[in-house]
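Contents: one structure, followed by commentary.
Excluded from the calculations below are hydrogen atoms, water molecules and symmetry mates; all remaining heavy atoms, backbone and side chain alike, are included.
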Amino acid sequence: MTNKYMYFIANWKMFGSLNSLKSLDKFIKFFKNFKKNTYSKIIYCPPTTLINPMTKKFKKTQIQIGAQNCHENQNYGAFTGSINAKMLKSVGATYVIIGHSENRKEGETDKLINNKIKSALKSGLKVIFCIGETLKEKKTKKTKKLLSKQITLGLNKIKNNKNIIIAYEPIWSIGSGLIPKKKELFETINFIKKKAKNYKVLYGGSVNPKNINLLNLINNIDGYMIGGASQDPKKFIDIIKKTYN
Ligand code: PEP
């Protein structure tokens with residue numbers, strides 16, 4: 001239970017069609033009547049195809065929309081299949097996820113991520129900057145070194161930190177049902193906050209209605225990034241309710 005200002009980011013990944021938007025009615029109704037709605041920031045990050053229709057759906061609410069990635073180039077250009085931050089903003093996004101492990105796995109380097117963050121900020125988007133270690137890095141006790149590197153390189157020459165939120169997402173936890181131990185997660189979040197001073201730090205990785213009470217005992221977490229469970233409005237609502245009740 002908390003009275004803290006918390007972020008709840010719904011990462012829909014490559015799921016959802018126009019039909020899926022109907023499921024948001026339930027969430028909109030809940031959030032309008034939710035007494036603690038001024039304590040919480042909800043950001044839905046759908047696939048790019050749903051950004052604009054979702055913006056329309058959320059028009060009369062405080063719910064914000066984020067994209068899931070962007071191209072590093074701030075201007076238009078010959079980059080087939082790519083979309084830049086300016087284009088995402090023009091269709092209603094106010095945030096963009098950058099550095100998600102599913103994109104790092106496809107070859108995104110820290111340098112590219114740094115360029116994308118700079119480009120997004122210059123285009124007026126806020127950034128959800130993802131970092132996190134693999135299971136092998138965790139087992140060989142390289143987590144801190146890795147996070148340190150991701151933060152230093154990812155945020156290189158960036159001062160505008162009020163427009164960036166960090167999402168700590170251990171790769172071994174994403175989609176696996178596993179979450180870090182309480183003490184371990186508290187210490188890692190603290191480590192990130194010492195390294196990246198004055199940043200909000202969220203946790204992401206298998207957050208669900210069953211483990212949220214446990215996660216809420218960790219008082220240095222500023223919110224959650226939620227993948228699988230955010231696609232089911234009932235589960236997403238449950239997670240938010242349990243955080244405040
Ligand atoms: C994610 O991919 O950002 C994520 C948190 O996924 P999940 O909640 O499904 O582990």
- prompt: Which atom pair, heavy atoms only, marks the closest approach of Asn84 to Asn73?
  reply: CB-O, 3.1 Å
Those residues that, when tested against Lys57, pass salt bridge (Lys or Arg N to Asp or Glu O under 4.0 Å) (two or more places apart): Asp25
Residue list, side chain to side chain contact (heavy atoms under 4.5 Å, CB included) with Asn211, at least two apart or on another chain: Ile179, Val207, Asn208, Leu215
message: When you group the ILVMFWY residues by side-chain heavy-atom contacts below 4.5 Å and let the links chain together, are Ile83 and Phe79 in the same group?
response: no
query: Who else is in Ile43's hydrophobic cluster (ILVMFWY, side-chain heavy atoms under 4.5 Å, direct or via others)?
result: Tyr5, Tyr7, Ile9, Tyr95, Ile97, Ile128, Ile165, Leu202, Met225
- request: List the atom of Ile98, the atom of Cys70, and the distance in Å for their closest heavy-atom pair.
  value: CD1-SG, 4.0 Å
task: From the options Lys111, Lys116, Lys118, select the one residue that forms a side chain to side chain donor-acceptor pair (under 3.5 Å) with Asn114.
output: Lys118
query: Is Lys86 close enough and on-axis enough to Tyr76, meaning under 6.0 Å and within 45°, for cation-pi?
result: yes
query: What residues, two or more places apart in sequence or in another chain, satisfy salt bridge (Lys or Arg N to Asp or Glu O under 4.0 Å) together with Lys22?
result: none
task: Taking the side chain as every heavy atom from C-beta outward, state whether Ile212 and Tyr224 have any atom pair closer than 4.5 Å.
output: yes
By salt bridge (Lys or Arg N to Asp or Glu O under 4.0 Å) - contacts of Glu102 (at least two apart): Lys13
- line: Correct closest heavy-atom pair for Leu88 and Ala67 would be CD1-CB, 3.5 Å
message: So, using salt bridge (Lys or Arg N to Asp or Glu O under 4.0 Å) as the criterion, who are the partners of Lys193 when residues are at least two apart?
response: Asp222
Lys/Arg N to Asp/Glu carboxylate O, Lys138 vs Glu184, below 4.0 Å: yes
